[in-house]
Amino acid sequence: MSDLITDGNVKVAWVASIANITAPTVPELTAGFDWTQRLTPDGLKTDPTTADVVTSSLASQFDTNQPGRRSYAAEITFKRGSTPQEDQPYNTLVYGTAGYLVVRRGTPYATAFATGDRVEVYPVTCGEPQNVAPVANEVLKVLVSLKVTSDPATRAVVA
């Protein structure tokens with residue numbers, strides 16, 4: 001048995017347009033920006049939450065629930081760059097910018113997107129970028145809150 005290692009095996013891309021988020025195409029994904037090397041090691045957050053729907057009644061002696069609405073808290077933290085190419089996330093992710101955050105896990109990040117890859121596609125709009133407080137011996141960082149605007153495809157397959 002072998003465990004999947006995170007280090008070097010996650011790819012994160014920003015894509016402006018995807019026709020079908022459950023089956024994005026290789027050309028759509030490669031037209032996007034691969035920002036994997038710009039994100040900090042802890043800079044990807046796509047945390048789901050599920051609300052509880054209380055199904056207990058006045059007669060209940062035990063609290064019962066069913067799963068309710070889902071939502072996602074998504075954000076990325078990236079390093080600022082000294083060249084326009086390196087600073088692309090900062091220049092692209094301005095308040096109100098809409099696009100798709102695409103995440104592939106379990107394959108080396110340098111491997112190009114390919115048909116059959118499993119990816120997560122989050123339709124998002126950017127919140128206000130936040131400069132992360134400077135810390136000694138660290139790079140300048142920016143955190144961008146991403147508002148998930150519709151149901152994501154967390155088990156999409158590249159067409």
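The model shown is predicted, which means the values in this text are computed figures rather than measured ones. Throughout, numbering of the chain's residues begins at 1 and tracks the sequence.
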S.K.: Enter the distance from K147:NZ to C126:SG here, rounded to the nearest 0.5 Å.
M.R.: 10.0 Å

S.K.: Decide if atom CG of L143 counts as having more than 12 heavy atoms of other residues, nucleotides or ligands within a radius under 6.0 Å.
M.R.: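 Enclosed: over 12 neighbouring heavy atoms sit under 6.0 Å from CG of L143.
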
S.K.: Answer whether the closest heavy-atom distance between the side chains of P24 and V119 falls below 4.5 Å.
M.R.: yes

S.K.: Taking E86 for the side chain and S82 for the main chain, is one N or O donor matched with an acceptor at less than 3.5 Å?
M.R.: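 Indeed, once roles are kept as given, a pair shorter than 3.5 Å links the two residues.
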
S.K.: So, do I76 and V142 sit near enough that their side-chain heavy atoms are less than 4.5 Å apart?
M.R.: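 A side-chain contact is absent here, since even the closest heavy-atom pair is not under 4.5 Å.
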
S.K.: Counting N and O atoms only, with roles assigned by atom type, does the side chain of T111 sit under 3.5 Å from a partner on the main chain of T107, one being a donor and the other an acceptor?
M.R.: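 A pair under 3.5 Å: no.
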
S.K.: Taking the six-membered ring for Trp, are the ring centroids of Y100 and Y122 within less than 6.0 Å of each other?
M.R.: no

S.K.: Flag the pair R70 / D151 as yes when at least one side-chain heavy-atom distance between them is below 4.5 Å, and no otherwise.
M.R.: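 A side-chain contact under 4.5 Å exists here.
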
S.K.: Around Q37, counting heavy atoms of other residues, nucleotides and ligands shown, do more than 12 lie under 6.0 Å from its CD?
M.R.: no

S.K.: Name all residues meeting the side-chain hydrogen bond (donor to acceptor under 3.5 Å, both in side chains) criterion together with D87; count only those two or more places apart in sequence or in a different chain, and write none if there are none.
M.R.: R80

S.K.: Let me confirm one number: the CG-CG distance from D34 to L29, rounded to the nearest 0.5 Å.
M.R.: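 If we round to the nearest 0.5 Å, D34:CG and L29:CG are 10.5 Å apart.
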
S.K.: Taking K11 first and then D117, would you say they form a salt bridge - that is, a charged N and a carboxylate O separated by under 4.0 Å?
M.R.: no

S.K.: Tell me if a side-chain donor or acceptor on T77 pairs with a main-chain N or O of T40 at a distance below 3.5 Å.
M.R.: no

S.K.: State, to 0.1 Å, how close R155 and R118 come at their nearest heavy-atom pair, and which atoms those are.
M.R.: O-NH1, 3.8 Å

S.K.: If you measure from CG on L146 to OG1 on T97, what distance do you get to the nearest 0.5 Å?
M.R.: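 Going from the CG atom of L146 to the OG1 atom of T97 covers 10.5 Å.
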
S.K.: Let me confirm one number: the CH2-CH2 distance from W14 to W35, rounded to the nearest 0.5 Å.
M.R.: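 So the CH2 of W14 and the CH2 of W35 are separated by 6.5 Å.
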
S.K.: Any side-chain to backbone donor/acceptor pair from D52 onto V54? Under 3.5 Å, distance only.
M.R.: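 Flag not set: sc D52 to bb V54 has no pair under 3.5 Å.
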
S.K.: Using side-chain heavy atoms (C-beta onward) and a distance below 4.5 Å, is V121 in contact with I18?
M.R.: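 The answer is yes, as the side chains (C-beta and beyond) meet within the 4.5 Å cut-off.
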
S.K.: Would you give the length of the straight line joining atom CD of Q88 to atom CZ of R38, rounded to the nearest 0.5 angstrom?
M.R.: 10.0 Å

S.K.: According to a 4.5 Å side-chain heavy-atom criterion applied to Ile, Leu, Val, Met, Phe, Trp and Tyr, with indirect links allowed, do L140 and V132 form part of one hydrophobic cluster?
M.R.: no

S.K.: Do P129 and L93 come close enough that some side-chain heavy atom pair is under 4.5 Å?
M.R.: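 No - every pair of side-chain heavy atoms lies 4.5 Å or more apart.
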
S.K.: Check the hydrophobic clustering (I, L, V, M, F, W, Y; side-chain heavy atoms under 4.5 Å; chains of links allowed) and say if F33 and Y109 are grouped together.
M.R.: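 No; tracing contacts between hydrophobic side chains, which count when under 4.5 Å, never links both residues.
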
S.K.: Does the side chain of P89 come within less than 4.5 Å of T92's, by heavy atoms?
M.R.: no

S.K.: Please answer: with hydrophobic residues joined when any side-chain heavy atoms are less than 4.5 Å apart, are L39 and V148 in the same cluster?
M.R.: yes

S.K.: Tell me if a side-chain donor or acceptor on S145 pairs with a main-chain N or O of E75 at a distance below 3.5 Å.
M.R.: no

S.K.: Could you tell me which non-hydrogen atom of A159 sits nearest to which non-hydrogen atom of T115, and how far apart they are?
M.R.: O-OG1, 3.5 Å

S.K.: Measuring from D42:CG to K141:NZ, what's the distance to the nearest 0.5 Å?
M.R.: 6.0 Å

S.K.: Do other residues, nucleotides or ligands put more than 12 heavy atoms under 6.0 Å from Y72 OH?
M.R.: yes

S.K.: Any salt bridge linking E120 with R105? Criterion: basic side-chain nitrogen under 4.0 Å from a carboxylate oxygen.
M.R.: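 Between R105 and E120 there is a salt bridge, with a charged N closer than 4.0 Å to a carboxylate O.
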
S.K.: Between T55 and Q66 (side chain of the first, backbone of the second, donor and acceptor by atom type, cut-off under 3.5 Å), is there such a pair?
M.R.: no

S.K.: Are Y90 and V144 side-chain neighbours, meaning at least one heavy-atom pair lies under 4.5 Å?
M.R.: no

S.K.: Answer yes or no: are there more than 12 heavy-atom neighbours, outside D63 itself, under 6.0 Å from its atom CG?
M.R.: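 Open: at most 12 neighbouring heavy atoms sit under 6.0 Å from CG of D63.
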
S.K.: Give me the atom names and distance for the closest heavy-atom approach of T46 to L44.
M.R.: CG2-CD1, 4.1 Å

S.K.: A side-chain contact here means heavy atoms from C-beta on lying under 4.5 Å apart; do V158 and T25 qualify?
M.R.: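 V158 does not reach T25 side chain to side chain.
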
